[in-house]
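Read the structure below first, then the notes.
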Amino acid sequence: MAGLVTGLLAGGVLAPVGDALPQGNVAYEAAVTQARDSGEAPTEALARAAAADGDTRVEVMSLREERRAVFANPDGSFTAQEYTQPVRARRDGHWVPVDDTLVKRADGTYSPKATTVELSFSGGGDGPFARMRRAGREYALTWPDGGPARAAGGG
């Protein structure tokens with residue numbers, strides 16, 4: 001969609017921001033076609049128009065969350081799908097499916113590929129054996145007295 005908007009602005013088509021584009025406007029019709037074909041629209045109004053135009057449901061991307069998807073239906077109604085646990089996570093500004101497969105990171109820790117919180121497990125050594133971060137807060141787990149290896153070694 002960003003490519004479409006960029007292309008339209010570069011082509012000299014200036015239009016109001018948001019859903020204020022009138023029907024019959026070339027930019028509006030192109031946006032409806034793009035949303036219909038991709039099944040995704042940035043706004044509710046555009047999703048509604050694309051769903052009616054294509055006789056298929058279209059997801060409203062501005063309403064997408066970790067546990068929710070909202071779709072415009074061809075009849076003009078909307079359907080929200082709510083999940084009991086996260087099904088997607090933000091990575092580099094894009095939504096990706098949650099993937100809890102652990103991978104080794106450059107710093108020697110292990111982390112899931114894609115989760116809704118930053119989670120890491122120690123690869124060994126000193127420091128916390130698990131760390132979780134979200135929204136500027138951190139929760140770390142350590143072993144009393146530095147861990148079993150230190151205690152067993154007499155430290």
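Along the sequence shown, the residues carry numbers beginning at 1.
Every pair passing side chain to side chain donor-acceptor pair (under 3.5 Å) that includes a residue from residues 97-109 is listed here, sequence neighbours excluded: Asp99-Thr101, Asp107-Thr109. Among residue pairs with one or both ends in residues 110-121, those qualifying as salt bridge (charged side-chain N to carboxylate O under 4.0 Å, His left out) are Glu118-Arg133; sequence neighbours excluded.
Shown here are the side-chain contact (heavy atoms from CB on, under 4.5 Å) partners of Asp92, two or more places apart in sequence or in another chain: there are none. The side chain to side chain donor-acceptor pair (under 3.5 Å) test applied to Arg88 returns no partner, not counting sequence neighbours. Qualifying side-chain contact (heavy atoms from CB on, under 4.5 Å) partners for Val96, counting only residues two or more places apart in sequence or in other chains: Arg91, Ala114. Applying the side chain to side chain donor-acceptor pair (under 3.5 Å) rule to Tyr83 yields the partners Gln81; only residues at least two apart in sequence or on another chain are considered. The side-chain contact (heavy atoms from CB on, under 4.5 Å) search around Arg134 returns Glu66, Thr116, Val117, not counting sequence neighbours. Considering only residues two or more places apart in sequence or on other chains, Glu82 meets the side-chain contact (heavy atoms from CB on, under 4.5 Å) condition with Arg68, Ala80. For Arg57, there are no side chain to side chain donor-acceptor pair (under 3.5 Å) partners two or more places apart in sequence or in a different chain. Taking the side chain to side chain donor-acceptor pair (under 3.5 Å) definition, one finds that Ser77 meets it with Asn73, Asp75, sequence neighbours left out. Asp37 pairs by the salt bridge (charged side-chain N to carboxylate O under 4.0 Å, His left out) definition with nothing, not counting sequence neighbours.
With Ser111 contributing its side chain and Leu119 its backbone, the two residues share a donor-acceptor pair below 3.5 Å.
Other residues sharing a hydrophobic cluster with Val60 under the 4.5 Å side-chain heavy-atom criterion for ILVMFWY residues are Leu63, Val70, Phe78.
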